[in-house]
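Below you'll find the structure, written out as structure tokens, and then a few comments.
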Amino acid sequence: MAERRYDPHQIEPKWQRAWIEGRDFEVDPQSTKPKFYTLEMFAYPSGNIHMGHVRNYSLVDAVARYKRMQGFNVLHPVGWDAFGLPAENAAIKHQIHPEVWTRQCIANMKQQLQRLGFSVDWTREFATCDVEYYKWNQWFFLKMFERGLAYRKKSAVNWCPQCQTTLANEQVVGGCCWRHEDTLVELRELEQWFLKITDYADELDAYLDKLTGFPERTLLMQRNWIGKSVGANIDFPVENSSSRIPVFTTRIDTIFGATYMVLAPEHPLVAELVAGQPEEKQVLGFCERIKREDKINRVSALQEKEGIFTGRYAINPVSAERMPVWVANFVVMEYGTGAVMSVPAHDQRDFEFALKYKLPVRLVVQNQERSLALGEMHEAFVEDGVLVASAEFSGRSSREARTEMTAKAERGGFGKAAIHFRIKDWGVSRQRYWGTPIPMIHCEHCGIVPVPEKDLPVVLPKVERFTGAGGSPLAGVPEFINVQCPKCGGVARRDSDTMDTFVDSSWYFFRYCDPRNSTRSFSQQLIDHWFPIDLYIGGIEHAILHLIYSRFWTKMMRDLGVVKVDEPIANLFHLGMVLKDGAVMSKSKGNIVDPDEIVSDFGADTARMFILFAVPPEKELDWDEAAVAGMFKFLQKVFRLVVQNVDWMKGFSGTLQESSLTAPAKALRRKMHQTIKRVSNDLEHRLHFNVSIAAMMELNNKMSDMDAKELENPGGRMVFKESCEALIRMLSVFAPHIAEEMWELVGHSERLTVAAWPEYSEALAAEEEIEIPIQINGKVRGRILVSADVSEDEIKQRALGDTKVKSWVGDKTVVKVIVVPKRLVNIVVK
RNA sequence: GCGGGGGUGGCGGAAUCGGCAGACGCAUGAGACUUAAAAUCUCAAGCCCCAAAAGGGCGUGAGGGUUCAAGUCCCUUCCCCCGCACCA
């Protein structure tokens, strides 16, 4: 009989069909098993899947399959983040409708994912451009509007000239558009819809401490982004005026050291203050110049500090001292109140500014370790210390004084405890076509009128021509735009903008629990059952985009009463990128490795195994063609080993007495239990499948090394078959097709998808005999073989008695003998 | 500047608790099989120095320390990556 060769092209479609026909991955709603909800951040249907997708899905799929074999009811859904600009840009370029383009991309990518054999419940698939889905975006929007969480405001918003639309703050990365890394974002004064994420800023920050399943760096990035700071608002009266300058400070304890004030050039008070002053023209000129400057540069710490005196003074409310009021480039209107009290002795910026413009410096916090003197200071003392020259607070610790001075300010009516956040409300209007229409109507008489709930969905109309000329394309569709006001019945216009696509991704993973619900966004009962998400995997690039928006959205839904969860994700994992020759794969670099080609050359199992084996999952992976071939060889070796022994394995069964096992059989059995232990541990806790796969290779090597004679006696056969089946079952979560094939060859009629995960026994995994290295003064000089249960004392005696050791010790004195059971012996000699 | 992560053979990496550094693989070299090649199998291999060999020495960015014992802990320092950055 000709030996059967490993042919993935024959095996893979066969099992993919079997899984679909057997509905192996569809969630059983009646199941009483414990739940496990895992998914990868859904994909944007851009045309083809790339290696990053393969990596993400391979990782999640291994866990999903493992959990299923462990007896969990696993929800592993896939969907499409289908609204967005690439579809619209394709429409402009190729005159193909965005929907047609998107549906084609989805069909193609779905087929590509299916070729890779991921254990997905495809019955739950949806795309965010499905009206059954985006209808609920609109519904949530109306609910938020009712509660004042969605509001309209005119302000300076980020504008990407490439995208021809506005962007949220989160979508501006280093001053550039998140989608166009070299396109500078401009500011435009526009009236836009905002979602009040700031209402949740405090909770979003506070709950970070509870997100124990989040990576530290993600928590940190979110904490930075939210930017909570605790302090006080203080009003500084303006001399010879009824106006006050409100400031925010985190260091009210230094207020006696506040010697001047600085306003942002945009500050509305500037004009009032300088009106009629001799400085007026110059100051206003300065403000105009700074305002024209590039915002990105202005807000950089490297920028030279520049300011101008307004000619006016404020009064320090605690010391009644006159403080000159300045305007300077480094104060920004967007943070705090757009004005600062300057304490040059205790703030580095203020220190530098005071030095440059010869403004007074007053020391009010003394360093307890090393006494400070004004003339000797080369930088501000920004730490806590003991207050000096601070009236009744002198001698108090600066830290403690903060609370008391805030109380005093409150009593005196010139200040109040306050918390400021860096995070701003989420601007969600987009002047583009391919998104969820904002369900709002503008009526000349009634103002802004929400679309009544019963009129939802507001269906995105077909637009036939995409010019890319800019402006909301929907504004050019009269049958969409012109509408009767729901309130007064008069002539009105629909909002022509669409929602930010990050709205779509803010709650899509809730919808998977109940994807076909037509009367509600989802049933709360089902959410209660499935949430939180047990494992969520995606790139770090969403640390403060999608991951903060969806936390906000969840809390908003909770307050709406549609869910009970506070946080959607229990465990989050960021996987590294896939590179080629050290660079990100991209069309322009021409270094793209096409997953389809890899599958055609080696099969899905090889691709999946390689991508998991090459590096630990959080690291960047540099694609290595030769190493891929190596993985194929490994699978081939396993397959060959099974085929070679399949004839006897098929009919073999039975258990044997411990005593009838030979040493090599026992050794193989031990290796098997050790391997199961290692692989289970990685799947359970670490996701370091590079190590799991290495362990399986070791087991396979051990099996191949088994002497032919061992495979003739029943003990050897029993252990070999056991090991073989354990290996196949473990392999099935990483390389499911070849595993199913081998499982069938060995004689199983049920599929591995319903098989149990192999168990290990701590006792059988333990070594019976251990080789213990003997060190003399920390250097290995010999080895002894002892049984695992030997006493410490005996090990010591045997070590000292070893001839090699004796010759090393020679006539030196043994000072100490350290015996680490099951590890080593260290003999200290002098 | 602040915060986080990292630096281990030719390469990717392993070492989960302070206990044999280099598992597993890629590439490489030698051999077997073959007319030949491919495939496959076997073996070798951290580096350097001394040595014919046995053997010895050195070795986890660098320098110090703690310890019987350090890739792992502590201090100093260099380099790389990521995030934030005039935040009042």
Side-chain angles (χ1 to χ4, degrees), chain A residues 5 173-174 215-225 227-229 231 234 247-251 254 258 261-262 264 298-305 328-332 334-343 346-350 352-353 420-422 540-541 543-544 574 576 609-610 613-616 618-631 633-634 636-637 640 678 681-682 685-686 688 690-701 704 771-783 815-829:
Chain A
R5 287 185 63 87
V173 181
E216 197 55 45
R217 58 179 171 153
T218 312
L219 296 175
L220 203 90
M221 283 166 77
Q222 291 212 355
R223 195 163 277 129
N224 281 342
W225 187 259
K228 177 178 178 173
S229 47
I234 304 167
V247 306
F248 171 71
T249 179
T250 54
R251 291 295 303 273
T254 63
M261 312 218 43
V262 187
R298 212 190 112 190
V299 181
S300 147
L302 306 169
Q303 185 77 358
E304 170 79 17
K305 288 172 186 46
N329 61 345
F330 69 90
V331 175
V332 293
E334 288 77 30
Y335 187 80
T337 61
V340 295
M341 65 172 209
S342 284
V343 186
H346 305 292
D347 180 286
Q348 190 55 30
R349 280 165 320 175
D350 298 345
E352 285 166 28
F353 194 77
H420 274 262
F421 293 95
R422 213 183 70 108
I540 183 80
E541 67 274 14
I544 47 174
H574 293 301
M609 287 279 280
F610 168 74
F613 177 66
V615 284
E618 66 278 8
K619 290 196 69 166
E620 286 180 338
L621 182 155
D622 209 344
W623 193 263
D624 176 357
E625 211 67 45
V628 178
M631 185 50 74
K633 284 181 199 167
F634 167 69
Q636 208 170 33
K637 263 191 270 188
R640 197 180 307 127
R678 286 173 67 180
N681 189 34
D682 287 329
H685 305 293
R686 291 207 312 168
H688 277 202
N690 53 327
V691 188
S692 311
I693 293 169
M696 292 190 295
M697 286 173 167
E698 283 183 52
L699 178 60
N700 182 64
N701 290 347
S704 314
E771 194 189 56
I772 294 194
I774 302 162
Q775 300 181 331
I776 290 168
N777 290 346
K779 292 205 192 313
V780 179
R781 300 300 187 192
R783 290 169 188 282
V815 183
K816 207 173 177 185
V817 180
I818 289 125
V819 178
V820 186
K822 299 183 183 187
R823 292 278 178 174
L824 54 55
V825 178
N826 192 8
I827 301 168
V828 187
V829 300

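Per chain, numbering begins at 1; letters A, B, ... match sequence-line order. Please read all numbers here as calculations on a predicted model, not as lab measurements.
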Is there a side-chain contact between [X] and the phosphate of [N], meaning an N or O under 4.0 Å from OP1 or OP2?
{"X": "A:R349", "N": "B:C87", "value": "yes"}
{"X": "A:K779", "N": "B:C58", "value": "yes"}
{"X": "A:R823", "N": "B:G18", "value": "no"}
{"X": "A:K816", "N": "B:C68", "value": "yes"}
{"X": "A:K619", "N": "B:G13", "value": "yes"}
{"X": "A:S229", "N": "B:A88", "value": "yes"}

Can you check the distance between [N] and [M], where both ends of the measurement are the [atom1] atom (answer in whole Å)?
{"N": "B:G19", "M": "B:G29", "atom1": "P", "value": "38 Å"}
{"N": "B:G4", "M": "B:G9", "atom1": "C1'", "value": "29 Å"}
{"N": "B:A69", "M": "B:C17", "atom1": "C1'", "value": "15 Å"}
{"N": "B:A54", "M": "B:A32", "atom1": "C1'", "value": "29 Å"}
{"N": "B:G46", "M": "B:A21", "atom1": "P", "value": "14 Å"}
{"N": "B:G6", "M": "B:C74", "atom1": "P", "value": "13 Å"}
{"N": "B:G7", "M": "B:G63", "atom1": "C1'", "value": "16 Å"}
{"N": "B:U77", "M": "B:A88", "atom1": "P", "value": "28 Å"}

Whole-Å gap separating [atom2] ([N]) and [atom1] ([X]):
{"X": "A:D347", "N": "B:G1", "atom1": "CG", "atom2": "P", "answer": "18 Å"}
{"X": "A:N224", "N": "B:C82", "atom1": "CG", "atom2": "P", "answer": "17 Å"}
{"X": "A:F613", "N": "B:G25", "atom1": "CZ", "atom2": "P", "answer": "7 Å"}
{"X": "A:R5", "N": "B:U40", "atom1": "CZ", "atom2": "C1'", "answer": "10 Å"}
{"X": "A:L699", "N": "B:G25", "atom1": "CG", "atom2": "P", "answer": "12 Å"}
{"X": "A:M261", "N": "B:A88", "atom1": "CE", "atom2": "C1'", "answer": "11 Å"}
{"X": "A:I776", "N": "B:G56", "atom1": "CD1", "atom2": "P", "answer": "11 Å"}
{"X": "A:R686", "N": "B:G13", "atom1": "CZ", "atom2": "C1'", "answer": "12 Å"}

Minimum-distance nucleotide to [X] side chain [options: [options]]:
{"X": "A:E698", "options": "B:C24, B:G19, B:G57", "answer": "B:C24"}
{"X": "A:Y335", "options": "B:A88, B:C86, B:C26", "answer": "B:A88"}
{"X": "A:R781", "options": "B:A15, B:C41, B:G56", "answer": "B:G56"}
{"X": "A:V340", "options": "B:A88, B:C86, B:C24", "answer": "B:A88"}
{"X": "A:N681", "options": "B:U16, B:A88, B:C41", "answer": "B:U16"}

Sugar-phosphate only, base, or nothing, as touched by A:F634 at under 4.0 Å among non-hydrogen atoms: nothing
Sugar-phosphate only, base, or nothing, as touched by A:N690 at under 4.0 Å among non-hydrogen atoms: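 The residue A:N690 makes sugar-phosphate contact but no base contact.
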Within-4.5 Å side-chain heavy-atom neighbours: A:M697 and A:M631: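 They are in contact (side-chain heavy atoms under 4.5 Å apart), so the answer is yes.
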Full working for salt bridge (charged side-chain N to carboxylate O under 4.0 Å, His left out) between A:E698 and A:R678: CA-CA 12 Å; A:E698 283 183 52; A:R678 286 173 67 180; 3.6 Å; yes
Residue mapping more 5' on RNA chain B - nearest nucleotide basis, A:I772 or A:D350: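 Going by which nucleotide is closer to the 5' end, it is A:I772.
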Comparing A:T337 and A:N701 on RNA chain B - which has the more 5′ nearest nucleotide: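 Checking each residue's closest nucleotide, the 5'-ward one belongs to A:N701.
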For B:U72, the Watson-Crick or wobble partner whose two distances fall under 3.5 Å: none
Mutual orientation of the aromatic rings belonging to A:W623 and A:F610 [parallel < 30°, tilted 30-60°, perpendicular > 60°]: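 Rings of A:W623 and A:F610: perpendicular, as their planes differ by over 60°.
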Polar side-chain atom of A:E618 near backbone of A:H574 as donor-acceptor pair, under 3.5 Å: no
Flag, side chain of A:N777 to backbone of A:V829, donor-acceptor distance under 3.5 Å: yes
B:C47 glycosidic torsion: syn (within 90° of 0) vs anti: anti
B:G9, syn or anti by chi within 90 degrees of zero: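 For B:G9, whose glycosidic angle is within 90° of 0, the conformation is syn.
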Partners meeting salt bridge (charged side-chain N to carboxylate O under 4.0 Å, His left out) with A:E304 (sequence neighbours left out):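 Once residues adjacent in sequence are excluded, the partners of A:E304 under the salt bridge (charged side-chain N to carboxylate O under 4.0 Å, His left out) criterion are A:K356.
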A:F634 and A:F613 aromatic centres sub-6.0 Å: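 No, too far apart.
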